[in-house]
Amino acid sequence: MADFGMLALIVVAFGLAVGYARLCGGLLPPADGSREID
Amino acid sequence: MTVYGWLQTLLFAVLMAASAKPLGGYLERVLAGGRMALGGLLGPVESVLYRLAGVERTAEQTWLAYTGALLTFNLVGFGLLYALQRVQGLLPLNPEHLGPVAPDLALNTSVSFGTNTSWQSYAGETTLGAFAQMTGITVQSFLSAATGIAVAIALVRGFARRRSATIGNFWVDLTRVTLYVLLPICFVCSLFFVWQGVPQTLAGYAEVTTLEGAKQVVARGPVASQLAIKMLSSDGGGYFNANSAHPFENPTPLTNLVEMMLIFVIGVALTNTFGRMVRDERQGWALLTAMAVLFAAGVMMVYAAEAQSNPLFTALGIDQTNSAMQAGGNTEGKEVRFGIAGSSLFATVTTDSSSGAVNSMHDSFMPLGGAVLMANMMLDEVIVGGVGSGLYGMLLFCIVTVFVAGLMIGRTPEYVGKKIESTEVKMTMLALLCVPAATLGLTATAVVIEPGLAGLANAGPHGFSEILYAYASAAATNGSAFAGLNANTAFYNLTLSVAMFIGRFFVIVPVLAIAGTLAAKRIVPKSAGTLPTGGGLFVGFLLGVIVIVGGLTFFPAVVLGPVAEHLAMLAGSTF
């Protein structure tokens, strides 16, 4: 039972990291450089 | 302090500086994807690995795809290392019949080695058998190091490329770094360590008869092969509990020097790789100079603190002067084979990098010596740092530096031809703030609740230092321990795992996001308003930013720990 709990913690942690990556992605400007300043 | 001690440090620094250019060039060739001299031998292996994994070596990834591949790969690695520890009792090459590792400790260890931290809440020789050490710990040391280098190179590609939607291929970077960099160096170094007396055997522990006639069990195993990657990966997880203070893990002064060199060698070389990839080697030398200044300051302060007499002992009339008969200074917790200079240098190197290897007990350092070791980790491991993580940590500080300089002169900041805009600064702050948030938040929690205080061996500011050091070490993915804190409890195993995970992946994600946004930009030509970043002025700026950011963030906590202990010691109190 404890093993499932620990493995679930690992999966949740990586799930949070994926969510964090998506959040960072949401903060990025479009990749076409259209908002780049001179 | 002795001339011999300083010469030892100088020799180390010269050897490291000399290694930067040749290895930096080699790393660039490996990561550019071209044919290698070892290609005849390893090329077929590389091709087979790609075929088995279904990887197209020329297919590049966006930063999100790169991040997804990295996280997926690490998730699987964490799970496998956890499972390996839990079923250890069923595994071969375990003549000591070591049983399954407790769930919370197994979680801590899998996170620790998966994040290149190597925090060890366990004693290696009484917890893990040869099979688990070889297929679990050693494998993760290779893969976590390759992951760190891959992330650093992805960020460098972000700076070097123009109008690119991709930053490389994680699987190809991981494979090539492991095959062409880590494995060859480790193969040669393992043989060197065996020659110097490090055991490499699957025969199990030996029972010997001591001079008094008693029976004693001597732990041994495949140590040399693990030792090489332990140092090269700046991982630092010891086969034995005493780590590199153990005579089987660091038998001679020569192995001591080589171990320190292995810790730094890739981190130093990557600065040169960076310079080559952005087509201006001075940029790499500027980063290395900043690292060298911080390293030299750290060694001087630690060596000075440890070579001094302890005033509490002086008051008791104890002679602590350096003479032909004794080392003098603070020798508590230090291996006599390495002495004060060798211990101070090793401790500085290991905390500058993300290596948790130790050849002395940091808990026994003088308060100010211990404070410097903590500060090294609190500066986000940018003084050479971990393999890959040191370079991308330093590049984050470069972004902050050009941003601050841009505010001062009223121009849009640029770094190596790329405009640094609000997105990069936001991502940089996310990456730089998560480490202090984890360190200070968890330390503050641990010092006010019973499970956090239960593991302490010392009271007062020294006890506080033990807890602060543990979380600083975990969040900075260093892994060295101050000792004195029993961290093998459910509370510490879980909270240190949280700190390690945040300190690794919550930094990597925004770093890769920066790589993606930078790669998409064009390269702007230098103008009169461009701050030169390859010279002394920029190095000075950069050092100022690192010290001020680190100082402002952690100074209050350090005052409560080692600084308070130092002042109490001068007043005659000890803890």
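In what follows, every chain begins at residue 1, and chains take the letters A, B, ... in the order their sequences are listed.
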Ignoring hydrogens, what is the shortest heavy-atom contact between [X] and [Y]? Give both atom names and the distance.
X: Cys24(A); Y: Leu430(B); value: SG-CD1, 4.1 Å
X: Leu64(B); Y: Ala21(A); value: CD2-O, 4.2 Å
X: Leu9(A); Y: Leu494(B); value: CD1-CD2, 4.0 Å

Point-to-point distance, once rounded to the nearest 0.5 Å, from [atom1] of [X] to [atom2] of [Y]:
X: Ile10(A); Y: Asn74(B); atom1: CD1; atom2: CG; answer: 11.5 Å
X: Leu107(B); Y: Leu7(A); atom1: CG; atom2: CG; answer: 8.5 Å
X: Tyr82(B); Y: Asp3(A); atom1: OH; atom2: CG; answer: 3.5 Å

Are Val18(A) and Thr67(B) close enough that some pair of their side-chain heavy atoms sits under 4.5 Å apart?
->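 No - every pair of side-chain heavy atoms lies 4.5 Å or more apart.
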
Indicate, with yes or no, if the rings of Phe14(A) and Phe78(B) have centres closer together than 6.0 Å.
->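 Ring centres of Phe78(B) and Phe14(A) closer than 6.0 Å.
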
Side chain, backbone, both or neither of Leu23(A) within contact of chain B (heavy atoms, under 4.5 Å) |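 Contact with chain B involves no heavy atom of Leu23(A) at all.
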
Side chain of Tyr20(A), backbone of Phe506(B): donor and acceptor closer than 3.5 Å?
-> yes

Answer with side chain, backbone, both or neither: which region of Ser110(B) has an atom nearer than 4.5 Å to a non-hydrogen atom of chain A?
->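 Only the side chain of Ser110(B) comes within 4.5 Å of chain A.
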
